Amino acid sequence: MPVQPEGFRAGLVYFILLLAIPLQYYLSSNASVPSGQRDAIFKRLVGSLSNFQYKYLSVTSWKRWCSNVWQTVDGWRNGRGIFVSDADEERGESPALDILRIRNPYGYFATSTNIRSPRQLQVHYRVGQVIRHKIHGYKGVIIGWDLEAQAPEEWLRQNHPVNKPHWRKMPHYAILVDVKDRPEKQITYVPQENIEVITHTEISHPSLDTYFDSFDGAQYLMRPALKYLYPRD
């Protein structure tokens, strides 16, 4: 009888977690490692294993892998000869960066392909966090941010009230809006003071898998191409 994917995944995760037990024993029996440091090391290990499960053992990751295989086969069948380099694979669809440059050469609305590092202290929120708009009430997930508003002047005049001149110098966030709140499949661009983080909340949007691998219960985990742009988030 063939092994079911869910059973295989559960067994593999269980096996990986079992590997952590000898390390925990070693750390606890090693007198040269302070107890606080032992706890911190083990928590990081468990966190890494959990991230591994979400990133590589999720249904989403398998669906994406199958889709990539099909695109490659289809490309060769039609004479396009798709080839992905090691660097592209490491970042995850790095051609998406080129698409961003073509679609928005000025980098408006948090679409710049400049790497956001070092991370500035005035940027309070991170890519992958789920938020609620304080005024309009919709939920969404952050897919990018700018240190200051980056948008055409006409857009700024139309969307920034005259009594909010400080908005222009405030971090702005690109938000993938939950279609349960706004069915138009929107991406909004919001000043920092208008959003608040919420946890244990998943959103729905057809483009969600473009930006994230999975949801870990607190926030969404970035795909490699997005992590490449926001290494500190």
Side-chain angles (χ1 to χ4, degrees), residues 37 40-41 43-52 54-55 87-101 103-134 139-152 155-156 159-160 164-178 187-203 205 207-233:
Q37 186 175 351
I41 292 172
K43 286 179 180 178
R44 285 199 299 270
L45 172 65
V46 173
S48 297
L49 292 173
S50 177
N51 183 60
F52 178 86
Y54 282 113
K55 189 171 182 180
D88 291 342
E89 183 66 25
E90 179 68 23
R91 289 199 295 267
E93 303 146 290
S94 66
L97 303 182
D98 297 326
I99 293 172
L100 283 177
R101 293 188 185 100
R103 288 182 178 176
N104 200 338
Y106 300 105
Y108 291 147
F109 308 117
T111 61
S112 170
T113 54
N114 293 330
I115 297 174
R116 313 304 204 276
S117 184
R119 179 184 174 83
Q120 304 298 317
L121 293 177
Q122 59 264 45
V123 181
H124 295 170
Y125 307 117
R126 300 173 183 272
V127 173
Q129 287 185 307
V130 180
I131 62 91
R132 178 185 289 112
H133 197 287
K134 292 181 180 179
K139 300 179 294 297
V141 58
I142 298 172
I143 59 173
W145 53 260
D146 293 317
L147 194 59
E148 298 180 354
Q150 300 294 327
W155 186 94
L156 292 172
N159 292 275
H160 285 190
K164 300 285 187 180
H166 62 287
W167 278 9
R168 294 193 178 217
K169 298 298 181 181
M170 176 181 293
H172 274 59
Y173 300 83
I175 307 297
L176 204 64
V177 178
D178 195 333
I187 297 177
T188 58
Y189 192 60
V190 187
Q192 182 165 270
E193 70 178 34
N194 284 356
I195 64 175
E196 59 184 358
V197 169
I198 57 177
T199 57
H200 307 295
T201 303
E202 294 188 65
I203 73 159
H205 194 284
S207 299
L208 198 62
D209 289 346
T210 302
Y211 300 94
F212 303 105
D213 273 322
S214 57
F215 182 75
D216 70 359
Q219 67 178 51
Y220 284 89
L221 305 178
M222 288 184 280
R223 297 196 63 187
L226 200 56
K227 188 65 176 177
Y228 175 75
L229 296 177
Y230 297 92
R232 303 289 182 178
D233 278 28

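Just so you know, these numbers come straight off a predicted model, no measurement behind them. Just the heavy atoms: all of them, side chains too, but no hydrogens, waters or symmetry mates, feed the values below.
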Minimum-distance pair of heavy atoms, taken over all atoms of Thr210 and Arg223: O-CD, 3.6 Å

Criterion side chain to side chain contact (heavy atoms under 4.5 Å, CB included) on Leu221 and Phe212, from CA distance to verdict: CA-CA 5 Å; Leu221 305 178; Phe212 303 105; 5.9 Å; no

Lys139: side chain to side chain donor-acceptor pair (under 3.5 Å) partners, not counting sequence neighbours: Asp181

Candidate pair Ile175 and Ile143, rule side chain to side chain contact (heavy atoms under 4.5 Å, CB included), full reasoning: CA-CA 6 Å; Ile175 307 297; Ile143 59 173; over 6 Å; no

Trp155/Tyr189 aromatic ring centres below 6.0 Å: yes

Stepwise side chain to side chain contact (heavy atoms under 4.5 Å, CB included) check, Phe215 with Val130: CA-CA 10 Å; Phe215 182 75; Val130 180; 4.2 Å; yes

Got a list of side-chain donor-acceptor pairs under 3.5 Å for residues 194-202, not counting sequence neighbours?
from, atom 1, to, atom 2, distance (Å)
His200, ND1, Gly217, O, 2.9
Thr201, OG1, Thr199, O, 3.0

Note, Val141 side chain near Ile131 side chain (heavy atom, < 4.5 Å): no

Heavy-atom donor-acceptor pair, Ser117 side chain to Arg119 backbone, under 3.5 Å: no

Nearest heavy-atom neighbours spanning Asp213 and Pro224: OD2-CD, 4.1 Å

From Leu147 atom CG to Asn114 atom CG, the distance as rounded to the nearest 0.5 Å: 12.0 Å

Heavy atoms from other residues, nucleotides or ligands near NZ of Lys169 exceed 12 (cutoff 6.0 Å): no

Distance (rounded to the nearest 0.5 Å) between Gln219 CD and Arg126 CZ: 8.5 Å

Near-ring test His166/His160, centroid separation under 6.0 angstrom: no

Closest non-hydrogen atom pair, Leu229 against Ser112: CD1-O, 4.3 Å

Nearest heavy-atom neighbours spanning Ile142 and Tyr125: CD1-CB, 3.6 Å

Test side chain to side chain donor-acceptor pair (under 3.5 Å) applied to Tyr173 - qualifying residues, sequence neighbours left out: Gln192

Residues forming a ring pair (Phe, Tyr, Trp, His ring centres under 6.0 Å) with Tyr230, sequence neighbours excluded: Trp145

Evaluation steps, side chain to side chain contact (heavy atoms under 4.5 Å, CB included), between Ile187 and Val177: CA-CA 6 Å; Ile187 297 177; Val177 178; over 6 Å; no

Partner set under salt bridge (Lys or Arg N to Asp or Glu O under 4.0 Å) for Lys134, not counting sequence neighbours: none

Side chain proximity check, Gln122 to Pro171, heavy atoms < 4.5 angstrom: yes

Sequence-distant partners of Arg232, salt bridge (Lys or Arg N to Asp or Glu O under 4.0 Å), two or more places apart: none

Lys227 side, atom NZ; Asp233 side, atom CG - distance, nearest 0.5 Å: 6.5 Å

Non-hydrogen side-chain atoms of Pro152 and Tyr108 separated by less than 4.5 Å: yes

Heavy-atom pair with the smallest gap, counting every atom of Pro231 and Ile115: CD-CG2, 3.7 Å

salt_bridge(Arg116, Asp146) N-O dist < 4.0 Å: yes

Any donor-acceptor pair under 3.5 Å from His205 side chain to Ile203 backbone: no

His172 side chain reached by Gln150 side chain, heavy atoms, under 4.5 Å: no

